[in-house]
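Reviewing the structure listed below.
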Amino acid sequence: MPIVDPRSGAPLTSEAETSDTAGADAAAYIVDLDMSNFQQVVLEGSMNTPVVLDCWASWCEPCKNLMPVLEKLAREYNGAFVLAKLNIEEHQQIAAQLGIRSVPDVKLIMQGQLYDEFQGALPEGQIREWLGKHIAAPAAPEASPEEQAEAALAAGDPATARAIYQQLVQDNPQQHDYQVDLASAVLAEGQPEDARAILDNLPPEHRDAPRARGVRARLEFGEEAPNAEALAALGERDDSEAQFLRALRQVADGNYEAGLDALLTLMKRDRAYGDDAAKTTLVRVFDALGADHPLTVTYRRKLFAQLY
């Protein structure tokens, strides 16, 4: 179905047709209606492209909640429908002709005819279902290499993540963050010395940056933390030593939030353990993550509250 500019009636095409209108200007399919363009946008335009007509008013709070959702969907659908917005206060004649009695009132116009409608500010999920009855949803964008690598790590497949990051490093040798990501994947594969070598070969300003310090902290904590066998040997133990060792393992695995929670709990329970080892370790994790890291900010505040 061709997509037309509702203001001019001309077909919308990108500079390169293979871009599938990805670069089309959102203003072409999010339009404010008035008497001068209503027929062109809604009646004539809907012969080529479905029109979602959003009738609203400035005094209507639900309208204010609904409109951003509709605009978001219009951009996401990238021209598969035109969102036409009608302010019924400013254009009472049009509203009267449409029989609008309350707002928000949303109508789907296709081929110049009313196909469907709903009233009220529906949740986004229900609006998606409503649209999906008549208009094909846009295909999900292909995941980026970075997203694929992150998904592989989350799924417990560090080998795949490592291969992706190796390619990214090869293709982008000046993007040192990819090298840090590669070190993280290598560490997740259980090769700490290779991970350390990658970090050590970074330029100094990147070697000491927060992301690299975070991976290096996992290396250091990994050397101190119990391995899987030792961790299993703890069994159901809940004494301070067992809590501390489990927290070290969590930090070593990059599960910082759980590890910080455990250390904070241990500090509250047993400040004497290991000569205040819980507090000392909390500070080490803060240093590794960096002062601006969200977890550092949050847990430093919690630590302060517990101390004072």
Side-chain angles (χ1 to χ4, degrees), residues 16 19 22-23 72 75-76 78 138-225 227-228 247-264 280-303:
S19 67
K72 170 188 173 183
R75 292 187 177 91
E76 183 178 315
N78 199 35
E142 182 180 353
S144 67
E146 295 88 344
E147 291 170 334
Q148 294 177 37
E150 291 173 5
L153 285 173
D157 183 11
T160 296
R162 176 179 185 167
I164 294 172
Y165 285 130
Q166 283 176 327
Q167 187 63 51
L168 286 170
V169 168
Q170 180 178 329
D171 294 343
N172 306 275
Q174 300 306 314
Q175 295 291 330
H176 298 291
D177 280 349
Y178 287 142
Q179 297 178 48
V180 177
D181 292 333
L182 174 60
S184 180
V186 168
L187 179 58
E189 274 193 296
Q191 301 181 41
E193 292 310 313
D194 288 348
R196 191 188 307 276
I198 294 171
L199 295 176
D200 288 345
N201 285 329
L202 289 169
E205 64 272 22
H206 294 279
R207 191 185 310 149
D208 297 325
R211 291 183 67 174
R213 288 207 310 269
V215 179
R216 198 175 295 277
R218 286 169 53 198
L219 274 166
E220 295 171 352
F221 283 116
E223 294 171 348
E224 303 170 24
N227 58 26
L248 284 181
R249 186 70 264 166
Q250 288 170 322
V251 172
D253 291 340
N255 192 357
Y256 297 116
E257 188 165 8
L260 289 167
D261 273 331
L263 290 167
L264 204 61
T280 301
T281 306
L282 279 165
V283 174
R284 287 177 59 199
V285 177
F286 296 158
D287 288 342
L289 294 176
D292 296 330
H293 193 285
L295 288 177
T296 299
V297 174
T298 298
Y299 281 87
R300 196 184 294 278
R301 188 182 303 118
K302 291 182 179 181
L303 173 61

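Keep in mind that what you see is a predicted model, and the values were worked out from it rather than measured.
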N/O donor to acceptor pairs below 3.5 angstrom from side-chain atoms of residues 192-203, sequence neighbours left out:
unit_1	atom_1	unit_2	atom_2	d
Arg196	NH2	Glu223	OE2	2.4
Asp200	OD1	Arg216	NH1	3.1
Asp200	OD1	Arg216	NH2	3.3
Asn201	ND2	Ala197	O	3.1

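Using modelled atom types, one finds no donor on one side chain facing an acceptor on the other under 3.5 Å when comparing Gln179 with Tyr165. Counted by atom type alone, Ser184 and Arg218 present one or more donor-acceptor pairs between their side chains at under 3.5 Å.
Using a distance-only test at 3.5 Å, with no hydrogens or angles considered, no donor-acceptor pair links the side chain of Thr296 to the main chain of Asp292. A distance-only check finds no donor-acceptor pair linking the side chain of Asn255 to the backbone of Val251 [under 3.5 Å]. Side-chain atoms of Glu147 come within 3.5 Å of backbone N or O of Ser144 as a donor-acceptor pair.
Residues meeting the side-chain hydrogen bond (donor to acceptor under 3.5 Å, both in side chains) test with Arg300, sequence neighbours left out: none. Listed by chain and number, the residues in a side-chain hydrogen bond (donor to acceptor under 3.5 Å, both in side chains) with Asp157 are Thr160 (sequence neighbours excluded).
Electrostatic pairing of Glu224 and Arg249 does not count as a salt bridge here, judged by no charged N lying under 4.0 Å from a carboxylate O.
We find the CZ-NE2 distance between Arg213 and His293 to be 10.5 Å, quoted to the nearest 0.5 Å. Leu168 CG to Asp181 CG: the interatomic distance, rounded to the nearest 0.5 Å, is 8.5 Å.
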inquiry  = Please evaluate residues Phe221 and Thr281 with respect to the criterion side-chain contact (heavy atoms from CB on, under 4.5 Å), reporting the C-alpha separation (whole Å), side-chain torsions for both, the decisive distance (0.1 Å), and the verdict.
reply    = CA-CA 10 Å; Phe221 283 116; Thr281 306; 3.6 Å; yes

